[in-house]
Amino acid sequence: MTYEHCTLCPRQCGVDRTAQQLGFCRCPDTALVAKTMLHHWEEPALAGKGGSGAIFFGGCTLGCKFCQNSAISHQPYGTPMDSIALRQEMEKLLSQGAENIDLVTPTQFLPTLLPALEEALPVPVIYNCGGYERPEVIRALSGKIDIYLPDMKYADNALAHRLSGVSDYFEVASAAIQEMVRQVGAVQWDGDKLVKGVLIRHLILPGQVENSLKVLDWIGQTFAPGQVLVSLMRQYTPIGTLGAPFDRPITEEEYQAVLSWMYLNELEGFTQDANAADTAFIPDF
């Protein structure tokens with residue numbers, strides 16, 4: 001797993017990033033860290049009292065048009081760090097009371113990240129990603145990740161192409177998430193803290209209830225009750241110049257329709273209040 005002939009993400013650009021060639025993510029051959037913080041707005045089972053020790057990486061392999069972190073995800077933004085510096089950032093977050101180490105959008109920097117995880121940390125390590133991952137790459141993370149926190153954004157590939165520029169999102173993400181579950185197993189708890197397992201996030205998009213229902217159907221049909229957790233998110237906030245219906249938050253009716261479907265599928269996990277759709281919850285980068 002190297003930066004030469006880069007195939008870290010499903011786009012498989014094949015560029016040599018060590019020779020300053022740029023692929024889709026336009027990222028260099030070293031990690032870019034946009035922000036580190038104690039993140040208190042993750043799901044309660046992750047944030048706990050101390051907060052998640054979030055490391056936000058710059059750039060992204062997906063580039064969703066509605067991304068709330070577009071200030072850092074739509075460009076190669078951040079402070080360059082090698083493996084040693086990354087490890088030091090993790091240890092600094094632990095000294096501040098972090099409940100875990102939360103790696104946010106890290107795939108494009110795995111050759112730098114993996115050595116930083118070689119020595120086990122005393123808290124769970126979270127792989128926080130958009131779901132659009134190569135199963136082969138996920139397999140290379142075996143033994144280093146305790147909690148996978150992927151999105152499952154789309155069951156509708158036409159919608160995925162429109163908003164994220166990929167026409168194979170569902171097939172790729174579903175295979176990747178199944179590999180995550182195979183790797184870490186069913187969810188495990190220590191009291192009210194999640195310490196191992198897969199927590200699948202799904203953001204409801206305005207006017208796209210059918211997409212959400214199909215995502216929940218897939219989760220319910222693929223995994224046994226209680227094997228994975230679901231975080232049903234209503235925090236969609238209009239950003240940029242997307243036209244209707246993406247220029248508005250989701251409605252209460254849309255949320256309730258999807259929430260009811262989650263329960264019909266006997267899925268366990270987390271929900272959000274309506275006030276989650278607020279730019280105040282977007283970290284200041």
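If you're wondering where the values come from, they're calculated on a predicted model, not measured in any experiment.
- Shortest non-hydrogen contact noted between Tyr169 and Met152 is OH-CA, 3.7 Å.
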- Message: Pair Asn128, Leu103 - check side-chain contact (heavy atoms from CB on, under 4.5 Å), show working.
- Response: CA-CA 6 Å; Asn128 186 338; Leu103 306 169; 5.8 Å; no

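- Looking at Leu86 and Leu117, their side chains never come closer than 4.5 Å, going by heavy atoms from C-beta outward.
- Residues Cys67 and Ile239 approach most closely at O-CD1, 3.8 Å, considering heavy atoms.
- Classification of Glu99 and Lys193 as a salt-bridged pair holds, one side-chain N sitting under 4.0 Å from a carboxylate O.
- Contacts of His161 classified as side chain to side chain donor-acceptor pair (under 3.5 Å), with partners at least two apart in sequence or in another chain: Ser167.
- Under the ring-ring contact (aromatic ring centres under 6.0 Å, His included) criterion, Tyr3 pairs with no residue, sequence neighbours left out.
- Proximity of Arg87 to Leu121: side-chain heavy atoms (C-beta onward) are separated by under 4.5 Å at one or more points.
- Residues passing the side chain to side chain contact (heavy atoms under 4.5 Å, CB included) test with Asp82 are Ile84, Ala85, sequence neighbours excluded.
- Hydrophobic clustering, with ILVMFWY side chains joined whenever heavy atoms are under 4.5 angstrom apart, keeps Leu22 apart from Val15.
- Counting only distance, with no hydrogens or angles, the side chain of Gln108 and the backbone of Gly58 share a donor-acceptor pair below 3.5 Å.
- Side-chain heavy-atom separations under 4.5 angstrom define the hydrophobic clusters, and the remaining members of the one that includes Leu149 are Leu46, Ile126, Ile147, Val187, Trp189, Leu194, Leu199, Leu229, Phe270.
- Two residues are said to be in side-chain contact when any heavy atoms from C-beta on lie closer than 4.5 Å; Asp192 and Pro44 fail this criterion.
- In the hydrophobic clustering of this structure, Leu159 groups with Met233; members are Ile, Leu, Val, Met, Phe, Trp, Tyr whose side-chain heavy atoms approach within less than 4.5 Å, directly or through other members.
- Hydrophobic clustering (side-chain heavy atoms under 4.5 Å, transitive across Ile, Leu, Val, Met, Phe, Trp, Tyr) groups Val125 together with Val137.
- The two residues Thr18 and Asp29 come nearest to each other via the heavy atoms CA-OD2, 3.4 Å.
- Under the 4.5 Å side-chain criterion, counting only non-hydrogen atoms from C-beta, Met1 is in contact with Leu114.
- For Gln256, the side chain to side chain contact (heavy atoms under 4.5 Å, CB included) partners two or more places apart in sequence, or in a different chain, are Glu252, Leu259.
- Using a 4.5 Å cut-off on side-chain heavy atoms (C-beta onward), Ser164 and Tyr154 make contact.
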- Query: Would Glu268 and Val230 count as a side-chain contact (heavy atoms from CB on, under 4.5 Å) if you check the C-alpha gap in whole Å, the side-chain angles of each, and the deciding distance to 0.1 Å?
  - Reply: CA-CA 6 Å; Glu268 302 173 10; Val230 173; over 6 Å; no

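- Annotation: side chain of Ile55 is in contact with side chain of Leu93 (closest heavy-atom distance under 4.5 Å).
- Contact annotation: the side chain of Phe56 never approaches that of Thr36 to less than 4.5 Å [non-hydrogen atoms, C-beta and beyond].
- Residue Lys214 qualifies as open at atom NZ: its count of foreign heavy atoms under 6.0 Å is 12 or below.
- No hydrogens or angles considered: a donor-acceptor pair under 3.5 Å links the side chains of Asn157 and Glu171.
- Hydrophobic clustering keeps Phe24 apart from Phe66 (ILVMFWY residues linked when any side-chain heavy atoms are closer than 4.5 Å, directly or through intermediates).
- A donor-acceptor contact closer than 3.5 angstrom is absent between the side chains of Ser231 and His202.
- What you find for His40 and Gly50 is that their closest heavy atoms are CE1-O, 3.4 Å.
- No side-chain N or O of Gln68 forms a donor-acceptor pair with one of Tyr236 less than 3.5 Å apart.
- Panel note: side chain Glu254, backbone Ile250; no donor-acceptor pair is recorded below 3.5 Å.
- Here salt bridge (charged side-chain N to carboxylate O under 4.0 Å, His left out) pairs that include residues 136-150, with residues two or more places apart or in two chains, are Glu118-Lys144, Arg134-Glu136, Arg139-Glu179.
- With hydrogens and angles left out, the side-chain atoms of Thr107 and Tyr132 include no donor and acceptor closer than 3.5 Å.
- Across every non-hydrogen atom of Pro206 and Arg248, the tightest pair is CG-O, 3.4 Å.
- Residues Glu42 and Ser52 approach most closely at CG-OG, 3.9 Å, considering heavy atoms.
- With Asn211 contributing its side chain and Ala155 its backbone, the two residues share a donor-acceptor pair below 3.5 Å.
- Val33 is not listed as a side-chain neighbour of Lys35, based on a closest heavy-atom distance of 4.5 Å or more.
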